[in-house]
*Asks:* 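Structure provided below as structure tokens; questions to follow.
Reminder, nothing fancy here: chain letters follow the sequence lines and each chain counts from 1. Predicted model, so just to flag it, every value in this text is computed and none were measured.
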2 protein chains.
Amino acid sequence: MGVFSKTCEYAMRAVFFIAHKTAPGGRVGIKEIANGIDSPEHFLAKILQDLSRRGIVRSAKGPNGGFYLDESALKRPLSDIVEAVDGKGIFLGCGLGIKQCSEINPCPLHHEFKAIRNQIHHMMYKTTIGEFNEDLDLGITALKK
Amino acid sequence: MGVFSKTCEYAMRAVFFIAHKTAPGGRVGIKEIANGIDSPEHFLAKILQDLSRRGIVRSAKGPNGGFYLDESALKRPLSDIVEAVDGKGIFLGCGLGIKQCSEINPCPLHHEFKAIRNQIHHMMYKTTIGEFNEDLDLGITALKK
DNA sequence: GGCATAAAAGATATAAAACTCTTTTGTTAT
DNA sequence: ATAACAAAAGAGTTTTATATCTTTTATGCC
Ligand code: FES
Ligand code: FES
């Protein structure tokens, strides 16, 4: 696996996709999202259900239903999604897996690892869900392949 | 999970432990290692078997047997262990999980993620297996709790 | 040789993550 | 009201990661 779980990767890509597709208003259905980010449809549905319960995305059933975001969601940091799905472990845990990362009982990598871990956190925290809409529009960045 | 798999975490801690314990020569048994890094004994045995097959650690059966390292191993980069256990995915894969991380078809996080990923790689590559023996001796750093 | 030691190898077991399928519930439009 | 639509919920299955247990093989010592 990479740095994040597959579930988390799908979650992030899906949210970016929803942000992009519904920027002009409207909703986007699970099939289109799954297709747009190249993920298994039913599995993604589960993930989005969860994000919906946690208030990160919104959803509507029935005709013209689908997923969308409210205004405030676009300004949320990406770290909210990571924490919702994978927990805070990645931002706080020891690189060598000892029970408790601390200054008092540090592992050999502590100093250097902490710096990198904080950078990951910082990157995810300053990145907002909505900030890539333009790039996606222009095709400068992509969410699959 | 953290950045690395549990298997990989155990592997790194075990190798540091072996490096430390056998610095003066001799070998160290699986029980002592498992105890010293707080890991399940039989599971760790599997991991070390694997590292042994890959030539990262050495082992000897019978009385006074156990695990040890040859000279050159102490100078190996930690990244060798990570690659042996988790593969290169963590050093090369896309942060959002798209099939292929590339400059041509980058995901929204590509630029920033790549920088961090390279730092992880660099940290693991410049860190050698033997370089923490002194700190461990002095109790400045620890491999459990 | 015979015994003790200790890792290697093999076979399972358990749990968690990843993925699939079916049914239910709520919505909209006719 | 009913038919079509689309997500929610529930109940699986499959795969991968993690962990345990048992048997075999190699080594050193007497
Ligand atoms: S103790 Fe290992 S990273 Fe802090
Ligand atoms: S394409 Fe996502 S990190 Fe390079």
Side-chain angles (χ1 to χ4, degrees), chain A residues 1-15 17-18 21-22 26-35 37-69 82 84-87 89-90 97, chain B residues 1-15 17-18 21-22 26-35 37-69 82 84-87 89-90 97:
Chain A
M1 254 304 60
V3 172
F4 307 107
S5 70
K6 222 146 193 48
T7 304
C8 189
E9 291 174 349
Y10 289 145
M12 292 188 285
R13 302 220 301 278
V15 171
F17 187 88
I18 297 168
K21 279 287 168 176
T22 66
R27 288 122 186 214
V28 57
I30 184 72
K31 278 210 196 86
E32 188 178 348
I33 305 171
N35 189 59
I37 68 168
D38 201 22
S39 79
E41 181 187 329
H42 296 290
F43 186 39
L44 183 62
K46 285 288 164 206
I47 297 169
L48 288 178
Q49 265 168 46
D50 200 53
L51 292 181
S52 172
R53 247 179 268 113
R54 291 164 186 274
I56 293 171
V57 306
R58 314 222 50 193
S59 68
K61 294 183 181 180
N64 298 317
F67 295 90
Y68 60 104
L69 303 173
V82 176
V85 177
D86 279 354
I90 215 157
Chain B
M1 256 299 63
V3 171
F4 307 106
S5 70
K6 226 155 190 49
T7 304
C8 189
E9 291 173 350
Y10 289 145
M12 293 189 283
R13 301 220 302 275
V15 171
F17 187 87
I18 297 169
K21 279 288 166 175
T22 66
R27 285 118 187 218
V28 57
I30 184 74
K31 277 209 196 84
E32 189 179 347
I33 305 171
N35 190 57
I37 68 168
D38 201 21
S39 79
E41 182 186 329
H42 296 288
F43 186 40
L44 182 62
K46 283 287 164 209
I47 298 170
L48 288 178
Q49 266 169 46
D50 200 53
L51 292 181
S52 172
R53 247 180 269 115
R54 290 165 187 273
I56 293 172
V57 305
R58 315 222 50 192
S59 67
K61 296 183 180 181
N64 297 318
F67 294 90
Y68 61 103
L69 303 173
V82 176
V85 176
D86 279 353
I90 216 157

*Asks:* Taking all atoms of both residues into account, what is the closest heavy-atom pair of Asp38(A) and Tyr10(A), and its distance?
*Replies:*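 For Asp38(A) and Tyr10(A), the tightest heavy-atom pair comes out as O-CE2, 4.3 Å.
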*Asks:* Has the side chain of Asp86(A) got a donor or acceptor atom that lies under 3.5 Å from a matching backbone atom of Phe4(A)?
*Replies:*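 The answer is no, because no donor-acceptor pair under 3.5 Å joins these two groups.
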*Asks:* Check the distance between dA4(D)'s C1' and Lys31(A)'s NZ and give it to me in whole angstrom.
*Replies:*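 Lys31(A) atom NZ is separated from dA4(D) atom C1' by 12 Å.
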*Asks:* If only side-chain N and O atoms of Tyr10(B) are considered, is one of them under 4.0 Å from the OP1 or OP2 phosphate oxygen of dT18(D)?
*Replies:*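 No, Tyr10(B) has no side-chain N/O under 4.0 Å of OP1/OP2 on dT18(D).
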*Asks:* Expressed in angstrom and rounded to an integer, what is the separation of Phe43(A) atom CZ from dT16(D) atom P?
*Replies:*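 Spelled out: CZ on Phe43(A) to P on dT16(D) is 13 Å.
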*Asks:* How many Å lie between CD on Glu41(A) and P on dC5(D), as a whole number?
*Replies:*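 Nearest whole value for this atom pair: 15 Å.
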*Asks:* Taking only heavy atoms on the protein side, list every residue of residues 46-56 of chain B lying under 4.0 Å from any atom of DNA chain C, sorted numerically.
*Replies:*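 Nucleic-acid contacts, sorted: Lys46(B), Gln49(B), Ser52(B), Arg53(B).
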*Asks:* Which pair of heavy atoms, one from Leu69(A) and one from Ile56(A), lies closest together, and at what distance?
*Replies:*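 Minimum heavy-atom contact is CD2-O, 3.7 Å.
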*Asks:* Base, sugar-phosphate, or nothing for Ala60(B), non-hydrogen atoms under 4.0 angstrom?
*Replies:*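 Here Ala60(B) touches the backbone only, sparing every base.
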*Asks:* Given atom CD1 of Ile30(B) and atom P of dC21(D), what is their separation to the nearest angstrom?
*Replies:*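 Ile30(B) atom CD1 is separated from dC21(D) atom P by 15 Å.
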*Asks:* When the distance from CD1 of Ile33(A) to C1' of dA8(D) is rounded to whole Å, what number comes out?
*Replies:*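 These atoms are roughly 14 Å apart.
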*Asks:* Anything under 4.0 Å to a heavy atom of chain A counts; send over the first and last such nucleotide of DNA chain C, read 5' to 3'.
*Replies:*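 It runs dA18(C) to dA29(C).
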*Asks:* Indicate the atoms forming the closest heavy-atom contact of Ala14(A) with Leu44(A), along with that distance.
*Replies:*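 Residues Ala14(A) and Leu44(A), closest heavy atoms: CB-CD1, 3.8 Å.
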*Asks:* Charged N to carboxylate O below 4.0 Å: is that the case for Lys46(A) and Asp50(A)?
*Replies:*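 No.
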*Asks:* Would you compute the distance between atom CE of Met1(A) and atom NZ of Lys6(A) and round it to the nearest 0.5 angstrom?
*Replies:*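 It is 4.5 Å, given to the nearest 0.5 Å.
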*Asks:* Start with the C-alpha distance between Glu32(A) and Phe17(A), add both sets of side-chain angles, then the distance that settles side-chain contact (heavy atoms from CB on, under 4.5 Å), and finish with yes or no.
*Replies:* CA-CA 10 Å; Glu32(A) 188 178 348; Phe17(A) 187 88; 4.3 Å; yes
*Asks:* For nucleotides 22-26 of chain D, list the nitrogen or oxygen atoms of the protein found under 3.5 Å from its nitrogen or oxygen atoms, one pair per line.
*Replies:*
unit_1, atom_1, unit_2, atom_2, d
dT25(D), O2, Lys61(B), NZ, 3.3
dA26(D), O4', Lys61(B), NZ, 3.4

*Asks:* Any idea which heavy atoms bring Tyr68(B) and Gly26(B) closest together, and the distance?
*Replies:*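 So the two residues come closest at CB-O, 3.7 Å.
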*Asks:* Counting only heavy atoms not in Arg27(B) (residues, nucleotides, ligands), do more than 12 fall under 6.0 Å from its CZ?
*Replies:*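 More than 12 within 6.0 Å, yes.
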*Asks:* If I take atom CD1 from residue Ile33(B) and atom CD1 from residue Ile47(B), how far apart are they, to the nearest 0.5 angstrom?
*Replies:*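 One gets 11.0 Å once the value is rounded to the nearest 0.5 Å.
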*Asks:* Looking at Ala11(B) and Val85(B), what are the two nearest heavy atoms and their distance?
*Replies:*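 Minimum heavy-atom separation between Ala11(B) and Val85(B): CB-CG2, 4.0 Å.
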